[in-house]
**Student:** 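Let me give you the structure first, and then I'll get to my questions.
Note on naming: letters A, B, ... go to the chains in the order of the sequence lines (proteins, then strands), and numbering restarts at 1 for each one. Treat the numbers as computed from the prediction; the structure is a model and nothing was measured. When reading the values below, keep in mind they use all heavy atoms of this one structure, side chains included, and skip hydrogens, waters and symmetry mates.
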There are 2 protein chains.
Amino acid sequence: MIRVVIADDHQLFAEGLSQALAALPDTRVVGTAPSGPDLVALLARQPAEVAIVDLEMAGGDGLQAIRQIGATTPVIVVTMHTQMAAAAAEAGAAAFFSKGVPLAQLAAAIRAVVAGHKLLDLRGEDLSATLADYQQPELDPGAASLTQREIEVLQLLAKGVSSTEELADGLFISQKTVKNHLASIFSKLAVSDRTQAAVEAIRLGLAKPH
Amino acid sequence: MIRVVIADDHQLFAEGLSQALAALPDTRVVGTAPSGPDLVALLARQPAEVAIVDLEMAGGDGLQAIRQIGATTPVIVVTMHTQMAAAAAEAGAAAFFSKGVPLAQLAAAIRAVVAGHKLLDLRGEDLSATLADYQQPELDPGAASLTQREIEVLQLLAKGVSSTEELADGLFISQKTVKNHLASIFSKLAVSDRTQAAVEAIRLGLAKPH
DNA sequence: TTGGTCATGAGGCTGACGACCTATACGGGC
DNA sequence: GCCCGTATAGGTCGTCAGCCTCATGACCAA
């Protein structure tokens with residue numbers, strides 16, 4: 001789980017991005033700050049793997065904050081205007097995006113900079129290739145070993161298909177096989193019944209309850 | 001469930017807000033558009049109860065779009081700069097906020113304009129009072145009739161406490177009482193077992209799996 | 001006082017669930 | 001060729017879940 005902090009004085013943007021990252025299975029927002037100095041103070045008491053920073057904040061200097069924290073916490077700059085890229089690079093940011101970027105690309109960038117990449121040093125194809133490598137969320141150790149068929153069982157379970165009979169009908173297999181898959185799922189996810197498995201499936205992002 | 005469409009050319013903002021509204025139990029984003037004309041086209045094929053519109057979009061005129069759709073779909077303007085309030089009101093917007101507004105307030109505004117209020121006609125205390133009336137999400141009919149104790153059972157269930165024994169221990173009541181509460185919950189939520197009840201509890205926002 | 005709801009508790013019944021074991025077929029790797 | 005993981009399927013067995021009815025005390029409103 002990658003811990004993210006957000007610095008942006010537009011609360012609606014910060015809350016929305018926070019929810020969006022929380023919906024991903026491998027990222028979690030552990031704090032937000034409305035200004036540069038607040039960001040520095042936040043990171044002093046709340047460790048995080050990466051910071052997402054808007055340069056245009058009413059309450060303080062974003063570039064100065066990046067200089068202070070950039071050495072210990074990689075910074076991804078996300079801003080309205082794109083002419084600040086050079087200044088962000090000079091201050092030590094690891095990546096730079098406009099707010100027009102798709103969420104999936106920001107998520108890939110988060111994983112990439114946490115892995116140690118400096119995206120601002122890359123250009124064009126190198127950048128695209130690096131981001132492509134990090135498109136997929138890193139699943140929990142347990143979830144990572146689930147087979148395709150087990151994931152299908154979990155997805156049905158998380159949609160409210162709970163009885164063995166309905167699961168079997170939905171997957172066109174016998175009830176015995178469903179039970180075998182469930183037993184395997186329980187073992188891999190360290191749970192003991194299908195209710196816990198459904199909750200865990202939703203938590204891991206393997207399936208949505210909606 | 002209130003269906004919301006978002007018009008904003010900053011994809012990250014639109015996706016974040018979409019996720020944030022999806023996390024609320026009574027709102028859902030059914031479409032996004034990057035420009036005014038796209039918004040008009042979107043609403044022509046996708047009905048919605050309310051539109052959230054940013055006035056500063058690269059691809060088209062937000063004000064013109066509001067004039068076209070404002071009569072049929074109430075519009076909440078959410079923008080970076082606040083000097084456009086008068087123009088938004090003239091075009092027929094129902095509400096106006098900066099992007100610094102907390103999500104909870106935007107959610108209250110969504111519920112208020114769907115109920116027919118014109119927030120732009122209100123000032124100061126009247127506005128605060130109206131928004132305060134809509135702070136609480138309107139729960140599903142089934143969920144609305146749940147008792148406090150039944151909600152507590154559901155919250156434990158959605159956290160992965162699935163066995164009757166653990167539920168009884170967690171609530172300091174007998175296993176028999178837990179079974180009785182569960183039977184009542186199944187009936188009210190129109191589900192047939194605790195797995196479906198847990199999924200439904202997460203979907204309704206009564207509890208979070210995290 | 002009466003009636004309603006809520007939270008609590010109980011007994012009995014039936015079927016489903018979960019644990020454990022076995023087995024076949026089909027892959028890919030060594 | 002052999003082993004291992006996956007998907008499939010079957011069997012047995014003990015436990016537990018879900019459903020039925022019933023009862024009690026607290027609380028509140030008509």
**Student:** Can you list the residues that meet the side chain to side chain donor-acceptor pair (under 3.5 Å) rule with B/Gln11, with sequence neighbours excluded?
**Tutor:**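 Result, side chain to side chain donor-acceptor pair (under 3.5 Å) vs B/Gln11: B/Glu15.
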
**Student:** Between P on C/dG18 and CD1 on A/Ile185, what's the gap in Å once rounded to a whole number?
**Tutor:** 11 Å

**Student:** Main chain of A/Leu171, side chain of A/Arg149: is a donor-acceptor contact present, judged purely on distance under 3.5 Å?
**Tutor:**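 Such a contact is found between A/Arg149 side chain and A/Leu171 backbone.
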
**Student:** Using side chain to side chain donor-acceptor pair (under 3.5 Å) as the criterion, list what pairs up with B/Ser162, not counting sequence neighbours.
**Tutor:** A/Asp193, A/Gln196

**Student:** Which of the following nucleotides, D/dT12, D/dC19, C/dG18, is nearest to the side chain of A/Arg194?
**Tutor:** C/dG18

**Student:** Only counting residues at least two apart or in another chain, list the ones meeting side chain to side chain donor-acceptor pair (under 3.5 Å) with A/Gln105.
**Tutor:**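 For A/Gln105 there are no side chain to side chain donor-acceptor pair (under 3.5 Å) partners, ignoring immediate neighbours.
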
**Student:** How would nucleotides 21-30 of chain D be written as a contact map, 5' to 3', with B for base contact, S for sugar-phosphate-only contact and - for no contact, using protein heavy atoms under 4.0 Å?
**Tutor:** ----------

**Student:** OP1, OP2 of C/dA7 versus side-chain N and O of B/Thr147: anything below 4.0 Å?
**Tutor:**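 So the side chain of B/Thr147 is within the cut-off, an N or O lying under 4.0 Å from OP1 or OP2 of C/dA7.
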
**Student:** To 10°, what angle do the rotation axes through the five end pairs on each side of the helix from C/dT1-D/dA30 to C/dC30-D/dG1 form?
**Tutor:** 40°

**Student:** Among residues at least two apart in sequence or on other chains, which ones pass salt bridge (Lys or Arg N to Asp or Glu O under 4.0 Å) with B/Asp54?
**Tutor:**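 Salt bridge (Lys or Arg N to Asp or Glu O under 4.0 Å) check on B/Asp54 returns B/Lys99.
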
**Student:** Write down the distance between NZ (B/Lys179) and C1' (D/dC20), rounded to a whole number of angstrom.
**Tutor:** 12 Å

**Student:** OP1, OP2 of D/dT8 versus side-chain N and O of A/His181: anything below 4.0 Å?
**Tutor:**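 Result: yes.
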
**Student:** Sub-3.5 Å donor-acceptor pair from the side chain of A/Thr27 to the main-chain atoms of A/Leu21, do we have one?
**Tutor:** yes

**Student:** side-chain contact (heavy atoms from CB on, under 4.5 Å) with B/Ala94: which residues, sequence neighbours excluded?
**Tutor:**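 Listed in chain order: B/Pro74, B/Val113, B/Lys118.
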
**Student:** Can you measure A/Leu182 atom CG to D/dA7 atom P for me and round it to whole angstrom units?
**Tutor:**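 In whole Å, D/dA7 P and A/Leu182 CG are 13 Å from each other.
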
**Student:** Taking only residues two or more places apart in sequence, or in another chain, which ones meet A/His181 in a side chain to side chain donor-acceptor pair (under 3.5 Å)?
**Tutor:** none

**Student:** Quickly work out the A/Lys176 NZ to C/dA19 P distance and round it to whole Å.
**Tutor:** 14 Å

**Student:** Which nucleotide wins on minimum distance to the side chain of A/Asp193, given the candidates D/dG11, D/dA7, C/dG18?
**Tutor:**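 Shortest atom-to-atom distance from the side chain points to C/dG18.
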
**Student:** Could you list the residues that satisfy salt bridge (Lys or Arg N to Asp or Glu O under 4.0 Å) with A/Glu166, not counting sequence neighbours?
**Tutor:**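 Salt bridge (Lys or Arg N to Asp or Glu O under 4.0 Å) check on A/Glu166 returns nothing, list empty.
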
**Student:** Atom CD of A/Gln148 and atom P of D/dT6: how far apart are they, to the nearest Å?
**Tutor:** 12 Å

**Student:** What residue pairs, at least two apart or across chains, pass ring-ring contact (aromatic ring centres under 6.0 Å, His included) with a residue in residues 151-175 of chain B?
**Tutor:** none

**Student:** Looking at DNA chain C, which of residues 161-175 of chain B put a heavy atom within less than 4.0 Å of it?
**Tutor:**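 Residues of residues 161-175 of chain B under 4.0 Å from DNA chain C: B/Ile173, B/Ser174.
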
**Student:** Only counting residues at least two apart or in another chain, list the ones meeting side-chain contact (heavy atoms from CB on, under 4.5 Å) with A/Ala41.
**Tutor:**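 With sequence neighbours excluded, A/Ala41 shows a side-chain contact (heavy atoms from CB on, under 4.5 Å) to no residue whatsoever.
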
**Student:** Using OP1 and OP2 only, check whether a side-chain N or O of A/Arg149 sits under 4.0 Å from D/dT8.
**Tutor:** yes

